[in-house]
Amino acid sequence: MTEDKQSLNFIEEIIKEDLETGKHEKIVTRFPPHPNGYLHIGHAKAICVSFGLADKYKGITNLRFDDTNPVKESVEYIESIRKDVKWLGFDWENEFFASDYFDQLYKWAIKLIKERKAYVDDSSAEQIALEKGTPTKPGIESKFRNRSVEENLDLFERMKNGEFLDGERVLRAKIDMASPNMHFRDPLMYRIKNVTHHRTGDKWKIYPMYDWAHGQSDSIENVTHSLCSLEFEVHRPLYNWYIEQLNIYPSRQIEFARLNLNYTIMSKRKLISLVEEGHVSGWDDPRMPTISGLRRRGYTPASIRMFCDRVGLAKRNNVIDVALLEYCVREDLNKSAYRRMAVLDPVKLVITNYPERKTELLTGENNPENSEDGDREIPFSREIYVEREDFKEEPQNKKYFRLAPGKNVRLKHAYIVHCEGFKKDEVTGEVTEIHCTYYPDSKSGSDTSGVKAKGTLHWVDANSNAEIEVRQYDRLFKTEQPDVGEEHFTEHLNENSLTVIPAAKAEIALANADDKQGYQFLRLGYFSLDKDSTTDKKVFNGTVGLRDSWGKKNN
RNA sequence: UGUCCGGUGGUGUAAUGGUAACACAUGGGUUUUUGGUACCUUUGUUGAGGGUUCGAGUCCUUCCCGGACAACCA
C-alpha cells in the first residue's frame, strides 16, 4: 500500500518527467559558488536542492567554483566552501573550476567572431552603459559594432595577449540593442583584467563574464538541470542563446526562490561589511547566518538539512521565520545532546541539615531520550549553587513552582528540599544565601518520603564544579527585514546580541566537554563548546534556548 | 506607458477541475524528577471583478499588488 503519493515540488516534477520520457537517463546537477565569500544558510538551501535532488534521483552533482573574476576571489574562500559543503553532509562527483574551461571558451569566442556574432568594442564602460538604454527605452548600437572579422580577430587576440589596459576594450556578443530583455543588448563576453588568477596565474589577461562562462560550463559538464535562483530568470534566454549559437549540449536552467530568513541578512556584500567593520568577530561569529557561524553556534548538519527540507521549494519570494530554524535544531539536539547542569547566575543554597563534610556522587543519565548514552556522576554536598532567578522572596503567581520560603522543590537527580529562609544584603537588597532543609529519604530514584514537589531545579555543587564562560546570543538584528527600508541595515543591529557570562558554574563533568558533542544545560537550552576554550576554562556558546511555555507568559 | 516572474492562514508549503491540507508560530490542555520532550487541542487562508463548467485555488479574461532586469559582479 504505497498509495500515499507524496507531492513533488515543481523541479521534481520536471526531473521525473525527463527521466520517464527518456530525455535523460541520469541527471547531473551542479553547485557553482563564486569563491568571494563564505557560504550562508541561503547557500545551504541551494546545496540541499542541487545535491539533494541528484541524490533522490540517483544522479550526480559537481562542485564548480565560478572563478571568472580573480579580483574578488581567494583560496581562503574556496577552502571554506569545500569544508562547509562536506560538513553539511554532501559529496560532489567532480570538482571543477570555470577556469578549467578558459581555453575552450576562448575558442568558442573566436568561432562567434568569425560568424559575425561577436565584436570588440573600444567604448568606455560609461559609453556602453549609456548606449545600453533602459528597461523601457531601447539602446543604440555601438560605432564599433560592425568591424571586420579580421580586425575583431586581431584585436581580440591582442586583448588576450595583454596589449591593452584594463577596461580599454571588451568583447561583446552581437544580438539586439533594442531587445526588451536588457541581457540581449550586446552583452559583454570578455573584459580585460591584468591580474593574476589564483589558478591560471598570468596566462590570461581577459576573463569571461558570468553569462558567457556559466551556461557553457554547464554544457561542458553535461549538466542536465542547472538550478539557480530567481534573479537569473532574465538571463535564461541568453543562457540558451549562447548554447544554441555554439550548438553544444543543451543544459536547462531552472530557477527557484532563494531563501530569506527574518532578523538577519543574506547579502554577501553586507555580510562582508559586518566582518570588515567589526560588528561581528568574523565569518564564523555565532551570530552570523553563515554555515561556519551556525556550526560554531552549535547547529548540526542534520538540523540545517531538515530546515532546508521544510522550507520547501517554489518560485515565490519568501521570508522564513527563524523560529523554524530554531525548531529544527531543537528537534535534532533533543535526541543527541548530553544533559548537564550549569548555573549561569549563581546564588548559594545551604542545606542546613546535611552533614558538613559529606559528598555524595549522584547518578544522572546523559540523555533521557537515549538510554544507550549512559550516565554520569554528579557530586552533591551541603552547599550548592542554584539559579538566582529560581528563588523569589514573595512569589505573586499561584502557579509558581520554584524556590520561595516555605516551598518544596526537587533538586534534579538529588533530593527534595524545603526552603526555610534566606539572607540578604541590606544595602543592595540582593539575596546572598538561601537556606533549606532536605528530606533524606527523597533521593532521586529511591524516594520513599511521600513529599510532593511541583518544581524541579538544576543546581551545581559548590565544592566540586567547573567554572565556565558562557556566551549567549540573541538575534543580530532587531527588525525582521533589516535590509528592507530607508535606513542603513547596520542601524537595525541589535546591540544586545551578545551576552558574555564570564564565570558561570557548571557540573564537573563539563570540565571534559567535547566539541563534537552537543549539550543541553538543563532548563536553560542547548550549548556547544567553543574553540576559544582552554584546558583551564571551557567556553560555551548558547545554540538555542529551550522552548519556554512559562517564561513568555510571565515576563 | 517595457519585458519576465509571482500572489493560498501570522510564516512557509501542499491540494495537478471534485470536502482547501501539512509544518512552524499562536492560544488552551494532558503527562512529566528539565515549566524541556511526548501527546491532545483552539484560532485563522485562496488579492479583486467578470467568464467557462454540474463543480474553479486550479482554466480564460480584465484589473490590483509584489519581485526581478539598465555591474567591464555572480
When all nucleic acid strands are considered with a 4.0 Å heavy-atom cut-off, which category describes A:V319: base, sugar-phosphate, or nothing? sugar-phosphate
Applying side chain to side chain contact (heavy atoms under 4.5 Å, CB included), can you list everything that pairs with A:K392, at least two apart in sequence or on another chain? A:P395, A:Y400
With A:R199, which residues qualify under salt bridge (charged side-chain N to carboxylate O under 4.0 Å, His left out), at least two apart? A:D100
Contacts under 3.5 Å, N or O only, protein and nucleotides 64-73 of chain B:
residue : atom : partner : partner atom : Å
B:G67   : O2'  : A:N317  : ND2          : 3.3
B:C72   : N4   : A:S123  : O            : 3.2
B:C72   : N4   : A:A125  : N            : 3.2
B:C72   : N4   : A:G167  : O            : 3.1
B:C73   : OP2  : A:R191  : NE           : 3.2
B:C73   : OP2  : A:R191  : NH2          : 2.9
B:C73   : OP2  : A:K193  : NZ           : 3.2
B:C73   : O3'  : A:R191  : NH2          : 3.2

Can you name the residues that form a salt bridge (charged side-chain N to carboxylate O under 4.0 Å, His left out) with A:K454, not counting sequence neighbours? none
What nucleic acid atoms does A:K443 come within less than 4.0 Å of, heavy atoms only: base, sugar-phosphate, or nothing? base
Roughly, in whole Å, what's the span from CD1 in A:I320 to P in B:G12? 6 Å
Only one of A:W459, A:F380, A:Y415 forms a ring pair (Phe, Tyr, Trp, His ring centres under 6.0 Å) with A:Y438, so which one is it? A:Y415
At under 4.0 Å between heavy atoms, what does A:Q520 touch on the DNA or RNA strands: base, sugar-phosphate, or nothing? base
With sequence neighbours left out, the residues meeting side chain to side chain donor-acceptor pair (under 3.5 Å) with A:E326 are none
Closest-nucleotide 5' rank along RNA chain B - winner of A:A314 and A:L524: A:A314
Nearest-Å distance for atom pair CZ/P, residues A:F307 and B:U13: 12 Å
Applying a 4.0 Å non-hydrogen cut-off, can you work out what A:R310 is touching in the nucleic acid: base, sugar-phosphate, or nothing? sugar-phosphate
Judged by modelled atom types alone, do A:K335 and A:N370 share a side-chain donor-acceptor pair under 3.5 Å? no
What does A:L313 touch in the nucleic acid at a heavy-atom separation under 4.0 angstrom: a base, only the sugar-phosphate, or nothing? sugar-phosphate
Under 4.0 Å, heavy atoms only, any strand: does A:G445 hit a base, just the sugar-phosphate, or nothing? base
So what does A:I206 touch, heavy atoms closer than 4.0 Å: a base, only the sugar-phosphate, or nothing? nothing
Value in whole Å for how far the C1' atom of B:A14 lies from CD of A:E13: 12 Å
Using nucleotides 57-59 of chain B, report all nitrogen or oxygen pairs with the protein that are shorter than 3.5 Å.
none

Pairs where residues 177-194 of chain A contributes a residue and the test salt bridge (Lys or Arg N to Asp or Glu O under 4.0 Å) is met, not counting sequence neighbours: A:R145-A:D186
Taking B:U34, B:G29, B:G36 as options, the one with an atom nearest any side-chain atom of A:E369 is B:G36
Base, sugar-phosphate, or nothing for A:T456, non-hydrogen atoms under 4.0 angstrom? sugar-phosphate
Can you tell which of B:U34, B:G29, B:G12 lies closest to the side chain of A:K399? B:G29
What is the distance from CG of A:N262 to P of B:A25, rounded to the nearest Å? 13 Å
When the distance from CZ of A:R330 to P of B:A38 is rounded to whole Å, what number comes out? 11 Å
Within the structure shown, what part of the strands sits under 4.0 Å from A:R185 by heavy-atom distance: base, sugar-phosphate, or nothing? nothing
Over how many whole Å does the gap from A:Y438 atom OH to B:U33 atom C1' extend? 18 Å
So does A:N9 get a backbone contact from the side chain of A:E13, meaning a donor-acceptor N/O pair under 3.5 Å? no
Is A:R402 near enough to B:G35 that one of its side-chain N or O atoms lies under 4.0 angstrom from OP1 or OP2? no
Just distance, no hydrogens or angles: give the donor-acceptor pairs under 3.5 Å from side chains in residues 478-486 of chain A, sequence neighbours left out.
residue : atom : partner : partner atom : Å
A:K478  : NZ   : A:E495  : OE1          : 3.3
A:T479  : OG1  : A:H492  : ND1          : 3.1
A:E480  : OE1  : A:N262  : ND2          : 3.3

The side chain of A:D321 is closest to which nucleotide in this list: B:U11, B:U34, B:U33? B:U11
Could I get the full list of side chain to side chain contact (heavy atoms under 4.5 Å, CB included) partners for A:A44, not counting sequence neighbours? A:I41, A:L88, A:I291, A:I304, A:C308
If the condition is side chain to side chain donor-acceptor pair (under 3.5 Å), which residues does A:S273 pass it with, not counting sequence neighbours? none
Applying salt bridge (charged side-chain N to carboxylate O under 4.0 Å, His left out) to A:E233 and not counting sequence neighbours gives A:K315
Base, sugar-phosphate, or nothing for A:Y327, non-hydrogen atoms under 4.0 angstrom? sugar-phosphate
Output the rounded distance in Å from OH (A:Y263) to P (B:G12). 13 Å
Each base of RNA chain B marked ( ) or [ ] if paired in-strand (Watson-Crick or G-U under 3.5 Å), | if paired to another strand and . if unpaired gives .((((((..((((....[..))))..((((.......)))).....(((((..]....))))))))))).....
Side chain of A:T136, base of B:U1: donor and acceptor closer than 3.5 Å? no
